[in-house]
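Notes for the one structure printed next.
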Amino acid sequence: MIEDFIKNYLNHPKTYDEMFLNGDNYRNHYANFISNFSKESLENLNKKEELAKKLFMSQGITFTVYDSGEGIEKIFPFDIIPRIITSTEWSFIEKGIKQRLKALNLFLKDIYSNQFILKDQIVPINVIYSCPHFLREMHNVNVLHDIYIHIAGIDLIRDHDGTFYVLEDNLRTPSGVSYMLENREITKRLFPDLIPQCGVRSVTEYPAILYKNLMALSPRAISNPTIVLLSPGMYNSAYYEHTTLARLMGVELVEGRDLVVKNQKVFMKTTTGLQQVDVIYRRVDDDYLDPLVFNPNSVLGVAGLMGAYRKGNVAIVNAVGNGVADDKAVYTYVPDMIKYYLNEEPILKNVPTYQLSNQDELDYVFANINTMVIKKTNGSGGYGMLMGHAATEQETEEYKIEVLKDPRNFIAQPTISLSSAPCFINGKLAPRRIDLRPFALNGPDGISIVPGGLTRVALKEGSLVVNSSQGGGSKDTWVLTS
């Protein structure tokens, strides 16, 4: 059975495959999985795939695609073949992410206080001051424990030679952790014996670690602080995740209308009266948090929230203003931040990135546009990108016009041949491109990263775009014990 799968598996040329070395040879760390997986019949695998779809649907594991103004709820496609990472690879990833987050956190503290990195001309001042997510309202705000980035989702990819690169840093309201947790639960249902037999490390501690960190952030020295998860509401694309995390942590899920600010303190409306809130894990963007400070038309936030935050009466997770650190134009300077703040060489590499506000780099990118990916510096979800190798001449010319209107809003990167992994598609194993989003939690006791993450899959054949909104799916991520 498995021999047929392997024999008919067609590796992408010049692509690092996570399972297969070449031809019939698979990587050693997949041996245990393959020997167990080979006992499954094709009929049984088809049944397991169908069961996974039913479990996702019955548990409401969905996301929302916004198309033509309509919100269409879909189940998140799940591939039953796990992506496996060795303990050595994971140790490297873990060290690299911790180093990166330390530097980014120091950058945020610096940029909202003394701005030494600007004075020393490590990062150009115009790059920061032109960033729409650099919030002057955060200048000299005392952030508890100096932790700005409490939760991070760092997107990693592998090039054709297996080298890990950071594609982007998600430091505002990173999403996807609920899918990591549910993918593991589904895998346990589908292959109950495989996980212990293969020595796979657990990811289920994530909600407990997050809850412990949130408790430690309380401005009030009390044993049972009030923690809430602030959601934009049921029409948000990640609402399933908001409800899941609130349930797993045992905290209240609230919307802006459930909170009120009095005397620069935040209170939650309850049936027994107002209850003071100590920590807000917010999934509402900065612009909508406080209509008195940011967007005056927002009904998603809480009037006066920033006043309570500045006063130190409530902790907000992640900190307000983090967007300046994950702006794609600022991303270019993260290796320099690591050297500047930590006096260390970066462990994880950046993808080479061109700033289109620089005329020489703009000229180079336009001359080599067929080998480039151009992105908006503050875009997300795979929207608004130009994949040079796949775009028509007309699409390319139209995109160039958009870039020239405001080059600061765009960066370009060479097309990276993302690593592939086997997926079970139409009863066969077929390679599909993947990335990895590990989730890091930063608390007073340091940075914790659960061993795993969300492996996203470009399910469309030949596609390099893994975002769920663009037809991507996901698979369980196994980190092996040493």
Legend entry - Donor-acceptor pair, side chain of N170 and main chain of I154, under 3.5 angstrom: no

Legend entry - Between S175 and E241: side-chain donor-acceptor atoms closer than 3.5 Å: no

Inset, instruction - Drop me the distance from S474's OG to D435's CG, to the nearest 0.5 angstrom. - result: 10.5 Å

Inset, instruction - Take V324 and M138, measure what side chain to side chain contact (heavy atoms under 4.5 Å, CB included) needs, and give me the verdict at the end. - result: CA-CA 11 Å; V324 67; M138 279 298 291; over 6 Å; no

Inset, instruction - Give a yes or no on whether K102 atom NZ has more than 12 heavy-atom contacts from other residues, nucleotides or ligands under 6.0 Å away. - result: no

Legend entry - Distance-only side-chain donor-acceptor flag, T204 / S202, under 3.5 Å: yes

Legend entry - T332 side chain to T353 side chain, donor-acceptor N/O pair below 3.5 angstrom: no

Legend entry - Spacing of L289 atom CG and L300 atom CG [to the nearest 0.5 Å]: 9.5 Å

Inset, instruction - Specify the closest pair of heavy atoms between P444 and I147, including all atoms of both residues, with the distance to one decimal. - result: N-CD1, 3.6 Å

Inset, instruction - Verify the distance criterion only: is there a donor paired with an acceptor across the side chains of E18 and Y26 at less than 3.5 Å? - result: no

Legend entry - Under 3.5 Å donor-acceptor, Y165 side chain and I416 backbone: no

Inset, instruction - Check whether any side-chain heavy atom of I209 sits under 4.5 Å from a side-chain heavy atom of F439, and report yes or no. - result: no

Inset, instruction - Working to the nearest 0.5 Å, report the span between CG of N442 and NE2 of H145. - result: 11.0 Å

Legend entry - N343, CG: over 12 other non-hydrogen atoms inside 6.0 angstrom: no

Inset, instruction - Please report the closest heavy-atom contact between Y30 and I84, naming both atoms and the distance. - result: OH-N, 2.9 Å

Legend entry - Counterpart residues, ring-ring contact (aromatic ring centres under 6.0 Å, His included), relative to F33 (two or more places apart): F37, W478

Inset, instruction - Answer yes or no: is there a side-chain heavy-atom contact under 4.5 Å between T415 and M372? - result: no

Legend entry - Aromatic plane relationship, Y129 with F134 - under 30° parallel, 30 to 60° tilted, over 60° perpendicular: parallel

Inset, instruction - Output yes when a side-chain donor or acceptor of N36 lies under 3.5 Å from a complementary backbone atom of N32, and no otherwise. - result: yes

Legend entry - Atom NZ of K400 with >12 non-hydrogen neighbours under 6.0 angstrom: yes

Legend entry - Gap between atom OH of Y240 and atom OG1 of T244 - 0.5 Å precision: 3.5 Å

Inset, instruction - Kindly write out the residues that satisfy salt bridge (charged side-chain N to carboxylate O under 4.0 Å, His left out) with E185, not counting sequence neighbours, or none if the list is empty. - result: K188

Legend entry - side-chain hydrogen bond (donor to acceptor under 3.5 Å, both in side chains): pairs with one or both residues in residues 358-368, sequence neighbours excluded: Q359-D363

Legend entry - Test item: K339 and E345 side chains (from C-beta on) under 4.5 Å apart, heavy atoms: yes

Inset, instruction - With side chain to side chain contact (heavy atoms under 4.5 Å, CB included) as the test, would you mind laying out the steps for I93 and W90 before giving the verdict? - result: CA-CA 5 Å; I93 289 169; W90 182 252; 4.1 Å; yes

Inset, instruction - Using atom types as modelled and distance alone, determine if a side-chain donor or acceptor of N183 lies under 3.5 Å from a backbone N or O of Y179. - result: yes

Legend entry - Test side chain to side chain donor-acceptor pair (under 3.5 Å) applied to T173 - qualifying residues, sequence neighbours left out: none

Legend entry - Distance-only side-chain donor-acceptor flag, T15 / S420, under 3.5 Å: no

Inset, instruction - Run the numbers on R433 and S417 for side-chain hydrogen bond (donor to acceptor under 3.5 Å, both in side chains), then give the verdict. - result: CA-CA 8 Å; R433 305 307 180 95; S417 180; 3.2 Å; yes

Inset, instruction - Give a yes or no answer on whether the side chain of D17 reaches the backbone of M19 with a donor-acceptor pair at less than 3.5 Å. - result: yes

Inset, instruction - May I ask you to say whether K349 pairs ionically with D159, meaning some side-chain N is under 4.0 Å from a carboxylate O? - result: no

Legend entry - Smallest separation among heavy atoms of P414 and Y354, with atom names: CD-CE1, 4.1 Å

Inset, instruction - Inspect the contact between D79 and R432 and indicate whether a charged nitrogen and a carboxylate oxygen are less than 4.0 angstrom apart. - result: no

Inset, instruction - Kindly say whether N409 contributes a backbone atom to a donor-acceptor pair with the side chain of K328 at under 3.5 angstrom? - result: no

Legend entry - 4.5 Å side-chain heavy-atom contact, V177 and L454: no

Inset, instruction - State, to 0.1 Å, how close T243 and L253 come at their nearest heavy-atom pair, and which atoms those are. - result: CG2-CD2, 3.6 Å

Inset, instruction - Going by the salt bridge (Lys or Arg N to Asp or Glu O under 4.0 Å) test, name the single residue among R27, R158, R83, K95 that passes it with E89. - result: R158

Legend entry - Heavy-atom donor-acceptor pair, R408 side chain to V127 backbone, under 3.5 Å: yes

Inset, instruction - Taking the side chain as every heavy atom from C-beta outward, state whether P77 and V457 have any pair of such atoms under 4.5 Å apart. - result: no

Legend entry - Heavy-atom side-chain contact between R100 and V334 under 4.5 Å: yes

Inset, instruction - Tell me yes or no: between the side chains of Y331 and D169, is some donor less than 3.5 Å from an acceptor? - result: no

Inset, instruction - For residues L167 and V351, report the shortest heavy-atom separation together with the two atoms involved. - result: CD1-CG2, 4.2 Å

Legend entry - Nearest-0.5 Å distance, CG of residue N236 to NE2 of residue H242: 4.5 Å

Inset, instruction - Enumerate the residue pairs fulfilling side-chain hydrogen bond (donor to acceptor under 3.5 Å, both in side chains) with a member in residues 316-326, sequence neighbours excluded, ordered by first and then second residue. - result: R172-D326

Legend entry - Heavy-atom check, side chain of L156 versus side chain of L348, under 4.5 Å: yes

Inset, instruction - Take L108 and V143, measure what side chain to side chain contact (heavy atoms under 4.5 Å, CB included) needs, and give me the verdict at the end. - result: CA-CA 11 Å; L108 282 163; V143 174; over 6 Å; no

Taking distance alone, no hydrogens or angles, what donor-acceptor pairs closer than 3.5 Å link side-chain atoms of residues 189-201 to residues at least two apart or in another chain?
none

Inset, instruction - Report the C-alpha distance between K98 and E94 in whole Å, list the side-chain angles of each, state the deciding distance to 0.1 Å, and finish with yes or no for side chain to side chain contact (heavy atoms under 4.5 Å, CB included). - result: CA-CA 6 Å; K98 285 182 177 180; E94 198 172 34; 4.1 Å; yes

Inset, instruction - Would you mind reporting whether P431 and F20 have side-chain heavy atoms less than 4.5 Å apart? - result: no

Legend entry - N105 CG to I149 CD1 distance, which is reported to the nearest 0.5 Å: 5.0 Å

Legend entry - Side-chain donor or acceptor of D161 paired with backbone N/O of T163 under 3.5 Å: yes

Inset, instruction - Ignoring hydrogens and angles, tell me if any N or O in the side chain of Q115 forms a donor-acceptor pair with the backbone of I111 under 3.5 Å. - result: yes

Legend entry - Crowding at OH, Y288 (>12 non-hydrogen neighbours, <6.0 Å): no

Inset, instruction - Locate the shortest heavy-atom distance separating P174 from I151; write the atom from each residue and the value. - result: CG-O, 3.6 Å

Inset, instruction - Without swapping roles, check the side chain of S130 against the backbone of N126 for a donor-acceptor pair under 3.5 Å. - result: yes

